[in-house]
Amino acid sequence: MEENNETEHINFFSHIEELRKRIFIALFWFVIGSIIAAYFIEPIMDNILLSPATIAHIKLQNLKPFGIPFLYFKLIFIVGFIISFPFILFQLWKFIEPALYIEEKKWARKITFLTSLCFIIGVIFAYYIMIPSMLSFAATFGTKNIENNIDINEYFGFISMMLLGAGIIFEMPMLSYVLTKFKLITPKFLIKYWRHSIVIIFIIAAILTPTPDPINQSIFALPLIILYFISIWVSKLSYNKTNEIEGNE
C-alpha cells in the first residue's frame, strides 16, 4: 500500500511538472506570436481590423482617454493568439499524449494540423462573409436622422467575438473526433439526431444573421450543416480506429 501511494504521489507530481512545462512552452509561442503581431500592427490595424468598417462606410470613434493604446494592445494579443494557436494546440496534445494508444500518438501532428486548419477556415469565413454582411446591414438599418458613429472598442469586441466564435464553431469535426475517442458520443448517435441538429443549426443561423431573409440564413447555415456531416464521418473513423486498437490488445 505504501509503495502504491508513493508511486501515485510521484506520478501526480510528474504530471504537474509536465503540465507546467507545456504551459511555459505555450506561453513562449504566444509571446512570439504577439511580437510578430506588434511588428506588423499598423498594417494589421488599417488593412484588417478597420477594413470591414471602411467598406461598410461606418464611422468609428474613440470614447475613452486611453482607448486607442488599449485597442492596440488587445489587437496584438488577439492576433498573437491566432498566430500561436497551432503551437499552443500541439502542446496540449503533447500533454495528453501519454494517455493515448501507440497508434493514436502518430495522429498527434495530423490532428494539430487539421484542428488549426478548421480554426483558420472559421476565422476566414467570419471575416469575409459574416462580418461584412452584418456591418452592411447595421450601416443601412434605421432612419437617416441617426448617424452610425460606433465606439472603436465596441467594434473591436464585435470583430473579436465573431472571429474567435466562428473559429471555435468550425472545430466541430475535431470535437467529434475527441468526444468519440473518449466514448462520449458515437456515429450512431450523430446520425440518429441529424434532423434535430439541422433545426438547431438554422436557429443559430437565424440568431447570428442580421437580416431576416432565409437566403442569408441559409448562407450561414449551409457550412454548419456540411461541418455536421463531416463530423459524422470523422466520428465514424475515430470509432472504428479505437475499436480496432482495443481489439488488437
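Heavy atoms only: backbone and side chains are in, while hydrogens, waters and symmetry mates are out. Quick caveat: nothing in here was measured; it's all calculated off a predicted structure.
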- request: State whether a side-chain donor-acceptor pair under 3.5 Å links Ser176 with Ser235.
  value: no
- line: Rounding to 0.5 Å, atoms CD1 (Ile152) and CE (Met45) come to a distance of 6.5 Å
statement: Closest non-hydrogen contact found for Leu163 with Ala126 is CD2-CB, 4.1 Å
task: Please lay out, stage by stage, how Leu190 and Tyr228 fare under the test side chain to side chain contact (heavy atoms under 4.5 Å, CB included).
output: CA-CA 9 Å; Leu190 295 176; Tyr228 184 82; 3.8 Å; yes
message: Please tell me whether Leu27 and Phe87 are part of a single hydrophobic cluster in this structure, the criterion being side-chain heavy atoms less than 4.5 Å apart.
response: yes
message: Under a 3.5 Å threshold, yes or no: a donor from one side chain and an acceptor from the other, between Tyr72 and Glu42?
response: yes
- line: Closest non-hydrogen atoms of Ile131 and Pro52, given as atom of the first, atom of the second and distance, are CG2-CB, 4.0 Å
task: Would you check if Ile198 and Arg195 make a side-chain contact, meaning some heavy-atom pair closer than 4.5 Å?
output: no
query: What closest approach, in Å, do Ile83 and Ala37 show between heavy atoms, and which atom pair accounts for it?
result: CD1-N, 4.4 Å
Over all atoms of both residues, closest heavy-atom pair of Pro187 and Lys236: CG-CA, 3.5 Å
- prompt: So with a 6.0 Å cut-off around NZ of Lys192, is the heavy-atom count from everything else above 12?
  reply: no
query: Do the side chains of Ile48 and Val123 join up, straight or via other hydrophobic residues, at under 4.5 Å, putting them in one cluster?
result: yes
- request: Please answer: with hydrophobic residues joined when any side-chain heavy atoms are less than 4.5 Å apart, are Phe156 and Ile68 in the same cluster?
  value: yes
message: Does the plane of the ring in Tyr193 sit parallel, tilted or perpendicular to the ring in Phe189? Use 30° and 60° as the thresholds.
response: tilted
task: State, to 0.1 Å, how close Pro173 and Val234 come at their nearest heavy-atom pair, and which atoms those are.
output: O-CG1, 3.4 Å
statement: Tightest non-hydrogen contact, residues Ala53 and Leu60, listed as CB-CD1, 3.8 Å
message: Test your reading of the model: is there a side-chain donor-acceptor pair from Ser231 to the backbone of Leu227, 3.5 Å cut-off?
response: yes
task: Indicate the ring-plane relationship of Phe119 and Phe81, choosing parallel, tilted or perpendicular according to the 30° and 60° boundaries.
output: perpendicular
query: Do Asn153 and Lys74 have side-chain heavy atoms sitting under 4.5 Å apart?
result: yes
message: Closer than 3.5 angstrom, by distance alone: can the side chain of Tyr155 be matched with the main-chain N or O of Leu49 as a donor-acceptor pair?
response: yes
- request: Indicate yes or no: at least one non-hydrogen side-chain atom of Pro132 is less than 4.5 angstrom from one of Ile55.
  value: no
